[in-house]
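Structure first, then comments.
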Amino acid sequence: MKNIITAFALSIGMMTSGLVQSAYPDGPVTIVVPYSPSGNTDVFVRHVAPYLEKIWGQTVVIDNKPGGGSMVGTAYVANAKPDGKTFLVTTSAFVTAPAVQLDLPFDSRKDLIPVANVGYVSYILVTNANSGFKNLQEFVAASKDSPKFAATAGLGTTTHFAIEQFAAASGAKVDVVHYKGGGPAVVSIMNGEADIYGSSVSSAGKNLKAGKIRPLAVLGDERIKALPEVPSTRELGYPSTEIKQWVGVFAPAGTDPAIIKKLNADINTVLRDEKLIAKLTPLDWTLEQSTPGGFAKQVDVELTKWKRLAAEKGIKK
Amino acid sequence: MDFFQNLMLGLNVALSLNNLFYCFLGVLIGTVVGVIPGLGVLAAISMLFPMTFGLEPTTALIMLAGIWYGTTYGGSTASILLNLPGTPANAITCLDGFAMAKQGRGAVALFMTTIASFFGATVGIILLTLFTPVIAEYALNFRSAEYFSLMLMGLVAASTISSGSAIRGFAMVILGILIGLVGMDSQTSTLRYTFGVLGLLEGVSLIALAMGVFGVAEIIMSVRRVRAADIDPETLKLRAIWPTRDDVNRSWFPMVRGSSIGSFFGTLPGTGPSIAAFLSYAIEKRISRSPKRFGNGAIEGIMAPEAANNAADQTAFIPTLSLGVPGSATMALMLGVLMIHGIAPGPSMITDQPELFWGLIMSFWIGNIFLLVLNIPLIGLWVRLLTIPYHILYPAVLVFICIGAYTSGFSELYVWMVFFFGVLGFLMRVLDFPGAPLLLGFVLGPLMEEHFRRAMLLSRGDFMTFFDRPISGAIMALTGLILVWGIWSGQTYKNKTAQNESSNDST
């Protein structure tokens, strides 16, 4: 008898998931962005949302829930109903912030399912144009004589781990100083308060072009299109210093796997759109095609990696 | 030339249909809020703050700024007709303005204060346009030590100058700083006073605090205090507005002096339009050949303070926009708008966001022209507004506060915060503790801590960094002087008779 009930329940489950696949979504979908309106991630989502609306024939609501270095919005989605109507679009803060915020009210691995990695921006090490460091080797050597100050856009942000990882790999001696966001961090390089900053290209933007700050290297294995003349850290002899800030989509744990699959497929479709690519490339976005499984593996590896680095560096005791 | 290009850019932004509309809306709301006694500018801006989230940051600022300088225009109306200041900055206008109204010259007073307001604002805007970019350029070299010193000066000045009692002001600044500590610490991500509430991770909401302490508390206080008024509309007909030749002759110099005094005090942290208005009145009275006329309808007595408070309204934007350091609670709210939109206020803002800066400044011109139109031909409308019964007006306002608080974070936690701060604000009013230093401490405290800790890190733990850097050292010395002066004048205040409006200073 029990078996029959189980079988019955299972078959209903399968039927509904099959139904879901064809009819999903049957109502408005909310995308939670754990950052303020008009920030990088928000702008990205606002570019993408109309395309999803077109595919789904449903309204897509963008709900900004900023705070706690993206962890407030992330926690909100972790506790949301897994009905396929609420998703999170966040950055690699998803994997870096838990390394320093130890008492989060959710489990990054268990309470959220990675759905898709949509793309990434690269990081460059920058210094003041008048700093006298002509290249990265000079900076590393000088820092060993007298420690230098490294700016970050905040504790536990990607910019923070970018510099920590580089320092660990290169042996450069830096003390990190946290600023509130990328803007003030760039200003600190311009007025000479801090010596080096691992910045995204867009954040260094105008001042880079104006020649007020100098790019020393791209943190990665390869050069980037936006700055073809800047060497990568691997070329300069500092391997395993690559870091990208990615943007990814997550769903609350318990969401129907069929929905996850459909969502991933729809997002991939949108990201292949030529018009969208043309709009986002100047903002230094590299768009990607991903699978839920592949992204989950990446998230798992990075969660472990940054946690270990934070422990080694004694960032959070 | 670059400068004119920027002005044109700003004019372009300010003249877009959307911005024109919100500018008009802002000054209109400002005038209404100003006309109604008991409803202050801080309360109004706090309440309308959440409404601006959906707007572009430039548009949001244009509207809020419109409310800010609009209230000072409107505020003189209630001062003149009812002998009740519409805002604290217009309190001194009551003395001669109401006297003029009693002599049947109310329309002349309303007309002339509008002219004085426009004149003062014009002077303020010109200074703002000329000096802000220069100061910002220079301030790019400011480091954490300078910012810390500047903010410390701002807090000390705010608590000692703007309120009657320095000790009470200080107490409120400290309370504000303590409330500002709630949330995640920026350097170590340690949680403080969050009691396991996830919504408090980002700290107490500025909106909820401002709406509670200023909006709700103000309404509770007004319930027993303010009544709708009887005014004879006959004396306020449009043909009665023309001043005599003697009026015009007497007005010219007080307007110029008022504008200069206002422009100066507007830029200083902690002073703002109220102090500017009081001081310029005092100066006019002192230098007048017939000081006895003051208080009996002397036109100088309304022209100087109204020019001063409007000039101060404009120049208050100089430190806010050039340094990102707010000089008053209202300016702190303006910075809040920027931060909510992800714009880092500071010296690089003018070059990074030229549309925002120049658009805002050019909108001031437009807003002031709107205000001329609103205040001269439409004066009858505002007078009628003074007769709306408050038992209809205030419940409606309370509902909007709750809606605004909820929508600021889509969480009922914010409504509870408003409730909590409403009670706190009411108790503060009853016990005569000023609210503005609280808000300023709340906004500046965490910033100060951030800069302090960064400065200490950068100096490798040497406290002298605040004193041996020349700019920081000079600011510190000035702060010390203000403190000494504040304590000294606090003593004299104690000896004087209690002044009831000093505690309501909500600039």
Side-chain angles (χ1 to χ4, degrees), chain A residues 35-43 63-69 71-76 78-79 97 99-106 147 149 151-156 160 175-188 190-195 205-207 210 212 315-317, chain B residues 52-58 60 138-147 183-191 194 196-203 205 324 338-349 351-354 408-411 446-447 450-451 453-460:
Chain A
Y35 296 97
S36 314
S38 87
N40 265 341
T41 316
D42 181 70
V43 170
D63 188 1
N64 298 91
K65 289 211 181 296
M71 289 295 108
V72 170
T74 306
Y76 174 82
N79 295 313
V100 292
Q101 293 183 35
L102 301 182
D103 34 15
L104 289 171
F106 64 91
F149 288 110
T152 82
L155 182 90
H160 182 195
D175 294 312
V176 290
V177 184
H178 302 301
Y179 291 83
K180 270 235 167 87
V186 170
V187 170
S188 80
M190 282 164 51
N191 69 21
E193 189 167 72
D195 302 302
K206 268 185 198 162
N207 294 309
K212 288 183 184 164
I315 294 171
K316 190 75 191 181
K317 280 149 216 150
Chain B
T52 64
F53 289 177
L55 301 176
E56 289 282 309
T58 311
Y138 186 66
L140 269 178
N141 298 317
F142 277 26
R143 297 191 181 177
S144 297
E146 277 80 27
Y147 275 110
M184 204 164 51
D185 161 41
S186 69
Q187 300 287 317
T188 63
S189 83
T190 307
L191 300 183
T194 55
V197 180
L198 191 67
L200 286 178
L201 219 60
E202 195 68 350
S205 149
L338 289 177
M339 294 197 258
I340 279 166
H341 281 98
I343 296 168
S348 59
M349 198 189 77
T351 41
D352 288 350
Q353 311 266 347
S408 72
F410 290 101
S411 155
L447 284 176
E450 193 192 319
H451 285 288
R453 289 170 68 172
R454 202 179 292 142
M456 293 309 285
L457 217 91
L458 290 164
S459 70
R460 304 205 186 272

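From a predicted model like this one, the values you see are computed outputs, not experimental measurements. Every chain is numbered from 1, with letters handed out A, B, ... down the list of sequences.
Enclosure of atom CZ in A/Phe106 by more than 12 non-hydrogen atoms of other residues, nucleotides or ligands within 6.0 angstrom is indicated.
Contacts of A/Asn79 classified as side chain to side chain contact (heavy atoms under 4.5 Å, CB included), with partners at least two apart in sequence or in another chain: none. Scanning for side chain to side chain contact (heavy atoms under 4.5 Å, CB included) contacts around A/Val72 gives B/Leu201, with sequence neighbours left out.
Contact of A/Val176 with chain B is made through the backbone alone, with heavy-atom distances under 4.5 Å. Only the side chain of B/Leu191 has a heavy atom closer than 4.5 Å to any heavy atom of chain A.
Among all heavy-atom pairs drawn from B/Arg143 and A/Asn191, the shortest one is NH2-O, 3.0 Å. Residues A/Tyr179 and B/Leu458 share a closest heavy-atom pair of OH-CD1, 4.2 Å.
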